[in-house]
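Take a look at the following structure, please.
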Amino acid sequence: MAEKIRIPGPATSFEYMLFDGDPDHLRTVVATPTQISPWIEAAELKLKHRIGRGIYGDVWLATHHQSADDFEEYHEVAVKMLHPLKGDLTQMFVDKFERIFLRCREMHGVGWLHGVSVMNGQICIAMKFYEGSVADRIAWLKGGKLQLSDILRYGIDLAKGIQELHSIGLLVLNLKPSNFLLNDHDQVVLGDFGIPYLLHGIQLLNSEMALRLGTANYMAPEQWDPEVRGPMSFETDSWGLGCSIVEMLTGVQPWFGKSIEEIYQSVVIKQEKPQIPSGLPPAVDNVIKGCFEYDLRNRPLMEDILYAFQSSQNAVYSDGGWVGLESRTLAEKSSVGGYTAWYLSKGHLQVGDAVRSRKPLNACKPQNMDVSSGTVVDVDSDTDRNGFVLVKIAGIRNPLRVQESTLERVTSGFAMGDWVRMKEEHGRHSPVGILHSIDREGGGVTVGFVGLGTLWMGSASELQIAKVYCVGQFVRLRANVVTPRFEWPRKRGGRWATGRISQILPNGCLFVGFPGRLVFGDESNSFLADPAEVELVSFDTCPGVVEKYQHVEDFHWVVRPLVIALGVFTAAKLTISVGRKVSTKLRMGQRSGNGHYQDGSAGNNAAWFPPPVANILFKEGVPTATVR
Ligand SMILES: Nc1ncnc2c1ncn2[C@@H]1O[C@H](COP(=O)(O)OP(=O)(O)OP(=O)(O)O)[C@@H](O)[C@H]1O
């Protein structure tokens, strides 16, 4: 396309090709999509009536009128009229749409797009009108459950359509049965090609739309707050598809009956998963379970879902029953060192790859130390998905036969999962993050950073290896951090408190618990941290006895009262024993009959008190002196 669409403006000349019948057919017949503009003049769209209302806007049944000197056509279309956007952002959205329009038209799994228009300042996306959706089918069926054979068929269509969108870098983020439209051949196409993703980063006027990136029941944990719990990535759509499949299997929407706030609590805070019905073919059951992993890296990709559905399809009868499948699939998909097989299958090794042994996910303890550095010299061709490789290690004559899943590829000094730091800080995101991928050639990388809703894409040359954080380590904010990115508790005296890492998100965001803090009621004792703002705390790094004792207090809130109780007890015992000694002295002094104590001090006039042992011991809760 030579020029960008400008709105509003003079009518762009259309270069439509005439065709007969269903526009679906056009994809295979017409091979000149570059001649087509997505812009539709507002006058060419006639809205008839509203057929639905979603969080992003209303859907209207409409006609699209196209005419030129030698032709005139009317098409029935569904027009999605988005809520108004601020000022220039409408233009920004239209530009984004323009860039993907032609590519979407080439996709078999995405609803046929007619184009985009702006009516009364609102963006209108026109798509071919389809007679129904999977949600309608579920609603019509008694009990709402679809046949397993149909679900697998739809699932395969959907996974292919989503893959097509992923291939051009789009995330759908709004997968749900009402967006799965059915064509005349009972095939599913996607009715949403990633509108939430296109709207991401655009300031929205509608507050509900601005707050949510999708439909609550189908949203992955990271989708609720991608800058904090992100990044959103291809696997975010795996969660949405998993939810949709569960709905097709049960006839009930995931989290049905819960409010948005309750769904947020279940999915994001309590880390609960939608319930999967039993009795599914193992591969399907396994892949759907994988879709609900909290850490998106542990979820399957669309290709894994496609593989599981296709491999189960032949084993499923039309009545929904299925023949037993080999149990190997289940064993294969068990998790190792915190990694699911879905994570591990994302980086298959090739001959020539530099490799090293993989550490358990988010833990510092090495899983095994077989290979600190080696090169793959052969890949076992018998087992494709969980195979062995031969690794040449310097100084050892014969190559070692090692299970592929225990190794990670190292390219330019980086491996998937490494902690990395930007050499030059820029933008509002944290400079420290976690590497999600590195290309074998060219050094292209993707990194999850706190503050970025999606993966950062750049070059390995812009990164350096950063300090590793692991679950179980103690951390506190650096002393020079004045305004932390996230709220952080303080100790008595105003110093930053020390907490223990309980979970690490795929963008490096740390969940930190504070076992040394006693909290009451609903007060939270878990906080988030930007990895760039914290420092490790351990006995080794605590410089003196006082600091070491303070660190002991961080382990459990009970330490401090116990030590105080012990101190008070010791002080009381001392007082009693000193008191006894004094009274013995007094008695002895009285017995001496000279009105003076034996040490010669004045008797009743002398001011004598036991030393304030407890105060000395626990100034600010810290032992500051020893009792003599
Ligand atoms: N191209 C289309 N052809 C036929 N029906 C459609 C088409 N696009 C959407 N619909 C239907 O219109 C209704 C509303 O769609 P819409 O996508 O706006 O709402 P939603 O799916 O509830 O919410 P969201 O805004 O989150 O997508 C749905 O029932 C949907 O199936």
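Order of appearance sets the numbers: ligands from 1, and atoms from 1 within every ligand. What you see below is based on every heavy atom in this structure, not just the backbone, and it leaves out hydrogens, waters and symmetry mates.
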| message | Could you work out, for atom 31 (O) of ligand 1, the closest of Ala135, Ala139, Ser178, Gly132 by heavy-atom distance? | response | Ser178

| request: Please determine, by modelled atom types, if Ser133 and Ser178 share a side-chain donor-acceptor pair under 3.5 angstrom. | output: no

| Which atoms of ligand 1 have any heavy atom of Thr215 under 4.0 Å away? | 26 (O)

| said: Within the supplied structure, the quantity of interest is the number of heavy atoms (other residues, nucleotides, ligands) at a distance under 6.0 Å from Lys145 NZ; does it exceed 12? | reply: no

| Among all protein non-hydrogen atoms, which one is nearest to atom 3 (N) of ligand 1, and what is the separation to 0.1 Å? | Tyr130 N, 2.9 Å

| task | Give a yes or no on whether Lys346 atom NZ has more than 12 heavy-atom contacts from other residues, nucleotides or ligands under 6.0 Å away. | result | yes

| note | Honestly, for Asp136 the part within reach of ligand 1 (heavy atoms, under 4.0 Å) is neither

| said: Is the contact between Leu181 and ligand 1 made by the side chain, the backbone, both, or neither, using heavy atoms and a 4.0 Å cut-off? | reply: side chain

| For atom 17 (O) of ligand 1, what's the nearest protein heavy atom and its distance? | Lys80 NZ, 2.9 Å

| Criterion ring pair (Phe, Tyr, Trp, His ring centres under 6.0 Å) on Phe193 and Phe97, from CA distance to verdict | CA-CA 10 Å; Phe193 49 88; Phe97 181 86; 5.7 Å; yes

| Which residue and heavy atom of the protein sit nearest atom 11 (C) of ligand 1, plus the separation | Ile51 CD1, 4.4 Å

| What atoms in ligand 1 come closer than 4.0 Å to a heavy atom of Lys128? | 1 (N), 2 (C), 3 (N)

| Subset of ligand 1 atoms that lie under 4.0 Å from at least one heavy atom of Asn174 | 24 (P), 26 (O), 27 (O)

| Cation-pi check, Lys289 onto Phe292 ring (under 6.0 Å, within 45° of axis) | no

| field | Residue Asn179 vicinity, atoms of ligand 1 by number, heavy atom under 4.0 Å | value | 17 (O), 21 (O), 27 (O)

| said: For Thr340, is there any backbone N or O sitting under 3.5 Å from a side-chain donor or acceptor partner on Asn298? | reply: yes

| query | Any sub-3.5 Å donor-acceptor pair from Glu293's side-chain atoms to Gly290's backbone N or O? | reply | no

| message | Checking contacts here: is it the side chain or the backbone of Ala78 that comes within 4.0 Å of ligand 1, counting heavy atoms only? Could be both or neither. | response | side chain

| said: How far is atom 15 (O) of ligand 1 from the closest protein heavy atom, and which atom is that? | reply: Val59 CG2, 3.3 Å

| said: For Gly109, is there any backbone N or O sitting under 3.5 Å from a side-chain donor or acceptor partner on Glu164? | reply: yes

| request: Could you list the atoms of ligand 1 found under 4.0 angstrom from a heavy atom of Phe129? | output: 3 (N), 4 (C)

| task | Determine the interplanar angle of the Tyr197 and His200 rings, folded into 0 to 90°, and report it as parallel if under 30°, tilted if 30 to 60°, perpendicular if over 60°. | result | parallel

| query | Of the protein's non-hydrogen atoms, which lies at the shortest distance from atom 26 (O) of ligand 1, and what is that distance? | reply | Lys176 NZ, 2.8 Å

| task | Please determine which of Glu72, Lys46, His75 meets the side-chain hydrogen bond (donor to acceptor under 3.5 Å, both in side chains) test together with His65. | result | Glu72

| Numbering as shown, the atoms of ligand 1 that approach Ser133 to under 4.0 Å (heavy-atom distance) | 31 (O)

